[in-house]
Structures are given as C-alpha cells and as structure tokens.
There are 2 protein chains.
Amino acid sequence: MDEHRGRHATIVDVAQAANVSVATAGRALGGYGYVSLDTREAVLAAARALNYQKNIAAQSLISGSAKTFGMIVSDLSSEFYSNIIKSAVNYSFRHGYCVLIHDTHESAEIEREAVAIFHRHRVDGIIIAPASMQSLGHLREFVAGGGRVVQIDRRLPGLAADSVTLDNVRTAATCTARLLEAGHRRIAYIGEIDEVRPADLGRVVETYAATGRMRKGFAPSCQRLAGYLEAHREAGVPVCADLVGRTGNYRWEAARDVTQAVLSHRPTGLMTSDGLMTIGALRAVREAGMRIPDDISFLSFDDLEWLQLVDPPLSAVAQPCAEIGEEAARILIGQIRGEKEAPRTRHEHIRLAGSIIDRGSIQVIGG
Amino acid sequence: MDEHRGRHATIVDVAQAANVSVATAGRALGGYGYVSLDTREAVLAAARALNYQKNIAAQSLISGSAKTFGMIVSDLSSEFYSNIIKSAVNYSFRHGYCVLIHDTHESAEIEREAVAIFHRHRVDGIIIAPASMQSLGHLREFVAGGGRVVQIDRRLPGLAADSVTLDNVRTAATCTARLLEAGHRRIAYIGEIDEVRPADLGRVVETYAATGRMRKGFAPSCQRLAGYLEAHREAGVPVCADLVGRTGNYRWEAARDVTQAVLSHRPTGLMTSDGLMTIGALRAVREAGMRIPDDISFLSFDDLEWLQLVDPPLSAVAQPCAEIGEEAARILIGQIRGEKEAPRTRHEHIRLAGSIIDRGSIQVIGG
DNA sequence: CTGTTAGCGCCTTCAT
DNA sequence: ATGAAGGCGCTAACAG
C-alpha cells in the first residue's frame, strides 16, 4: 500500500523467494553454519534480486556489536584532525567498521553529549582527542560501563584507556638538535606555555639548566619546551630565557607580538610550538624585515600545507597523522579481538615521533 | 559471570529498579504516552542510577530510523569538504542525528560499497559529493529503494535527488566582472577544462562570442569558464583564446606550465578555476618575476587558508562551505518531516553563490 | 494512568 | 543440511 518508504526486503522475503526457511536464508546470507552449495546460491540470487541489505540494527541487537566506531575531535576541519580522521576511517572501513563522527569545538559539554549518543548507538569503541584535562567523568563512566576508548593527540593521565600521541619531548628535542647542529646558539622558541606562569618561566629554564629536571606538564607547548631545553643541555649549549616566548593564549596575534619582542634579543634561529604559533611568528619575522634563512632560520612545529607555498618555503616537523589514525583504529580492533577473557588492566600508550621536512629554511652557520 | 563487557542496563532493569512495568518505563524514558509525575521521576532516577542509555539499535528496529545520516565525500581531509562536513555534522547533531562518514578517494567502487553499508545501517539519508558522473547505479538503486539522497558540490543530472551546489557560472561571472570593473581587458583563466578538447577550445570561445551560447558542461572548470565568457560578453569585452589556459588534468604542475605559457600573452589579470590551479598559477607568476598586484592582478577561485598567509595575500572567492553543509542536512530533515504522504517527484536544487574576499591582489587600472 | 502482549529483523540453540 | 522456536531491547497496540 503506502510502502513507498522503508520497504526494505527482510530475510523472510529472501527466504520465501528462495523457498527455504529463514534459518537457512540466514546461514547463507551470514556465512555461518552449514548450507549446501545449491541452496546458498539460490538464496544469494534471491537476495540480489530483491536488493536485500542486511539490517545491521537487528544484527547489532543480537551480536551486541554495531560494527561501528565513534570518533570525537575538537575541530573536524583542521588539517591535523581531518587527516587523522581520514586514515582512521579508511582503516576502519577496510576492517568492516563504520565511523560515526563528531566535532566538539573544544566544548567538554558537547563532548559529554557525543559520548552519550555514541553509547546509545552501542559503538564498539571511541577514538577521541579529549577536549578538556579536567572534565573526564563521562569518559570514565563510558570506560567503566565496558566501553573501549583510544585517546589520540592528547592523553588524560587519569583515564584508564589506550592512547596514540606524538612524543612531544623527543620530537621537539630533535628539532632543536637540528638547529644546534646547524651551528645555531641562540634559538628562539615561541609557544603558548600557559601551564607555566610568566613570572616562573625564567626560573623553570634556570632550574632545568642546573638540575636537568622540570615538570613536563601536560600541554604540548610545555612538553615541547622540555624537549627544547633537553636538546640544549645535551649539546652543552646554555639557554637564554629571553629567547623563550610565551603567548599564554592560543592566538596568532599573541605569537606575533611575543615573537617581535623575542627578535630584539637577536636569535639566529627560531622554532615554534605549533602551526598557529608559526603564523604569528612568521608574520613578526616578515614585519621585522628579516629574511629567511639568511637573517634567521625558521623551523615550524606542525607541517601545514601552506608552508610549502609561502616564499621561501618553510621547513617543518610533520606529525604522522595517517599513522595516528590507523594506530588508533588498529588498537580498537585489537582490543575487540583480544577480549575472550582478559579484563585488561594494562593499557597501550603509543608515542610516535614527528619527522623533519627540510625545505631549506634552516641556514647552516659557521661551525 | 563474565559480563565485564557489554553489560548495558536495559529498560527491563530500569523498570524493575523503579518497580514499574517495562511499558511505563518506556513511556517515561521515551517521553510518549501518559505517565504520572511521580512515576516518571522514579523511572528517570532509576535510569540515572543504572547509567541507562537507550539502545538505538532496538529503537531503530521498530521505528525504522536510526537517527543517523551517512556522508560520503571524495577527500575528507580537504579544506573544502572538511568544512562542509563540520557544518553538516553540527547541524545534524543539533537536530538529533548522528553522522556516519566515509571517504572514497574519488573511487566509484568504494562509493558503491559505502552506499551499501550505509543502507545496511538504515541511515535516514545520505549526503554525498558523487565521485563519478558515469557510475551512479548504486545511488539510483538506493533512491529507488526509498533512500533519501542530497548531492553536494557535484550534481548528477541523471539522479532523482536534491542537491546543494555552488552556482559556478554566476560566481565565476562575478569574479570576472570584478576584474573587468577594475579596468582589466586581458584576463587570463586557468582551469582543467578537460571536457573540452584542446583543439576545440578556440572554437568554443569564438562560438560563444558569436552566439552567446556554449555547452556549459558538467565539470566545474567548464561551468566557470562559461561564467568567465559570459561576463566578458556582458561587458562587451572580447575574449582572447590565448588567455584561456587548459591543463587537461588535475595537477598543479600542469597549471604552472600552462600559466607560464599564458603569461607570454601579457594578461593584466588572472583568475583560476580552483585552489589547485591557484597553486600552480601562483608559482608560475612568481617564477616569471611578476609582482602582484603591480604587474598582474590575481583572483583565486576557492579561498584556502594559506591565501591570507602568502605575501602578498591573495584575493579569492570563497565557497559557502558552512551553508552547503547545513543546507544539505536541513533538506534531509525536511524530507523526513514532509513524508506523510507525498511520494516526492520534484526535487530541490539549491545553488549558492560564492563571495569575493578582497585582500588587495586586484589592481585598479586606468579606467 | 499503568500493565500485558506482540512483534521489529536477525541469530542461535535445538530438533529433524 | 535444513527447519522451528525463542529472544536481543524497545515500542505500540490493547486492556484494565
């Protein structure tokens, strides 16, 4: 009658068309149990003729799995996250999983909502770049209720869940070492560093120089500062606190202003803590009329597409986005497979290293 | 026993905890039918205590709707699509829908797979930027089976489905008019234009000049060429076929080479057919040692983030990504609402206009 | 206002 | 190798 909508063929329809029982049709369609070759083909033919598509909701009700992952990031359209999503989605699909996605705009409240909705969809796992260090109750609850979680990019220390992150300290140290090896002795670092109070910054640097110790902090810009300091220490090069620029907020205008100030202390090289800082720092360098790499060497943390399009192209350290996405999905699938008995108490924490893309913006100076 | 996984509270658990029947619990939880205030609160409290989350799979089995959309694009990580996805996802969530996503890398085969899987998930609709003009059988079948489809960015003429696209002709005409108004009489256009054979290009331009008619073609670069020609005609300015650069493929290196050749015909202004062409064209302009906007005015079709970061910043026409995504989701939701009886034969085709972002790369020359 | 009952589409024993 | 029957978690008739 009025079945112009939602008139999907069911396994019953297929069974009737093929003159078999629903059980047999189910076996042929689902690839389980015993079915004779002839019946199987008859069923498959009937299914094709009816354009039968298995209803995953029904399957999920029984199996408990919707063959679906949820993915939550703070900004879906950023070059970084969209690349991670792309690889995670592709990997998941190749392994039979769909991906539900959501964007929180860094709102913990929206994140909590997203987790709840994914829970209602009974996703087989959530890949998430947590929006907040504080509010993680919803994730804890999800995990406590048996939900699988893999954190990416950011890792909550208080959450019992796997993670795939960049090794910020090591990668920043590698970057710094590259500049040091090129002969630079006055290297500027521009970052948010909001976990360290402005008044404490000088002391942190000096303490590190004296003891080789510092609280690494959780924020990437702090961990990367640690790498910057470590590389100096290993090379036996003292750090001048005036060369560490702290914006305190996440705006490129602040990075421009801070860089402008730092430039007056005559660095010969400069590295940033991420792509946004790169924008501000580059602008300040240009406004100061300095030429890259002749007047100053430039190394961007985060490799964004436009870095190869500016003049001159800028060297950068690229995060392994594709790997991060794949690893996260791989871990989830691994968890699902390996859950015959083990209740899992230990967690996997993968830390990947970034790789430097050399575009010639680092000048080698007199060794 | 071994219920450390998947031990989700069900409506039965909640009903028992609240000492009511499942039906009553369902009514309280689902917000339908009559429930007294006291019972409702008791049920809700029990649900909260058990961290009950409704199983959407079960709900979907009855209602026929999983409250989910599917979204398929050819490149999830492109600035263009990721912005569209972001807005579509946000709009959908705000209206109670989740979004499943997939990336086809322009493969029609993967697209067919994605549609099938989304069909199995019984999505309430698919938002898609079709990968191929030819292969659309899977979409036809999906629509024939009662599936809802909204096309974005690209529109298949042979598909009975709504669409949200950019008005390429009008937008390109606006761009061209902007250059013409600035006094330019020799405006280069760099595009893929692969639907027109190289040998035919001159004839197409001349035919248009003579008759005001041309086959607009389906590919964006051709429709935008049409707009370019139309604007010239309206302004009474003749087009020189030598200024129309055809790459024939979608690679920035080709755009660079073609632009290099076109520059020898001394254009005073240049516009591209999209972001990739912009990369090649910009490189050619730089390599030719020409200064923007003094030696040549530059207008990019597609506004990418880096255009404001190069020196000098480049003016561009921005596609309304956020609007495209929202409109697509809005149409889908509208379709769902308006399907009491109407079997829908007419379809909605929304064509949005791009807007020019002026960054000063267009020089006004002697009027 | 509340409880009982019968499915939605599929998988899974258990017979045959 | 195949069929019959029960149930996953929820909603939608019905009664009461």
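The figures here come from the full heavy-atom set of this structure, side chains too, leaving out hydrogens, waters and symmetry mates.
- When the nucleotides dT4(C), dT2(C), dG3(D) are ranked by their closest atom to the side chain of Ala23(B), dT4(C) comes out on top.
- Heavy-atom minimum distance, Ala88(A) versus Ile127(A): CB-CD1, 4.4 Å.
- Taking the six-membered ring where the residue is Trp, His102(A) and Phe93(B) present parallel rings, their angle staying beneath 30° rather than reaching 60°.
- Among dG9(D), dC11(C), dG3(C), the nucleotide with an atom closest to any side-chain atom of Gln59(A) is dC11(C).
- For the pair Leu29(B) CG and dT11(D) P, the interatomic distance rounds to 8 Å; values are reported in whole Å.
- Using a 4.0 Å cutoff on non-hydrogen atoms, the parts of residues 33-58 of chain B near DNA chain D are Tyr52(B), Lys54(B), Asn55(B), Ala58(B), ordered by number.
- Distance, Arg120(B) CZ to dC10(C) P: 12 Å, rounded to whole Å.
- Between Ser21(A) and dG3(D) there is a side-chain polar atom (N or O) within less than 4.0 angstrom of OP1 or OP2.
- At distances below 3.5 Å, at least one donor-acceptor pair connects side-chain atoms of Glu111(B) with backbone N or O atoms of Ala131(B).
- Between Gln16(A) atom CD and dG3(D) atom C1' there is a gap of 15 Å when expressed in whole angstrom units.
- The phosphate of dT11(D) (OP1 or OP2) has a side-chain N or O of Tyr32(B) nearer than 4.0 angstrom.
- The base of dG9(C) is not paired with the side chain of Arg122(B) by any donor and acceptor separated by under 3.5 Å.
- Atom pair Ile62(A):CD1 and dT13(C):C1' shows a separation of 12 Å (rounding to whole Å applied).
- Between Ser63(A) and the phosphate of dC11(C), there is no side-chain N or O to OP1/OP2 separation shorter than 4.0 Å.
- The nucleotide whose nearest atom lies closest to any side-chain atom of Ile11(B) is, among dC8(D), dC11(C), dT11(D), dT11(D).
- The side chain of Thr10(A) sits closest to dG9(C) out of dA12(D), dG9(C), dA4(D).
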Enumerate donor-acceptor pairs with a distance under 3.5 Å from any side-chain N or O in residues 60-72 of chain B to protein atoms, sequence neighbours excluded.
from	atom 1	to	atom 2	distance (Å)
Ser63(B)	OG	Gln59(B)	O	3.0
Ser63(B)	OG	Ser65(B)	N	3.1
Ser63(B)	OG	Ser65(B)	O	3.2
Ser65(B)	OG	Lys67(B)	N	3.1
Ser65(B)	OG	Asp124(B)	OD1	2.7
Ser65(B)	OG	Asp124(B)	OD2	3.1
Thr68(B)	OG1	Ala66(B)	O	2.8

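- As rounded to whole Å, 18 Å separates atom P of dG6(D) from atom CG of Leu61(A).
- Of the two residues contacting DNA chain D, namely Val20(A) and Arg27(B), the nearest-nucleotide position lying further toward the 5' end is that of Val20(A).
- In this structure, His95(A) and Tyr91(A) have parallel ring planes: the angle between them is below the 30° cut-off, well short of the 60° mark.
- If you measure from atom NE2 of His8(B) to atom C1' of dC10(D), you get 15 Å, rounded to the nearest angstrom.
- In terms of heavy atoms, Ile110(B) sits closest to Asp103(B) at CG2-O, 4.0 Å.
- The shortest distance between side-chain heavy atoms of Ile84(B) and Tyr81(B) falls below 4.5 Å.
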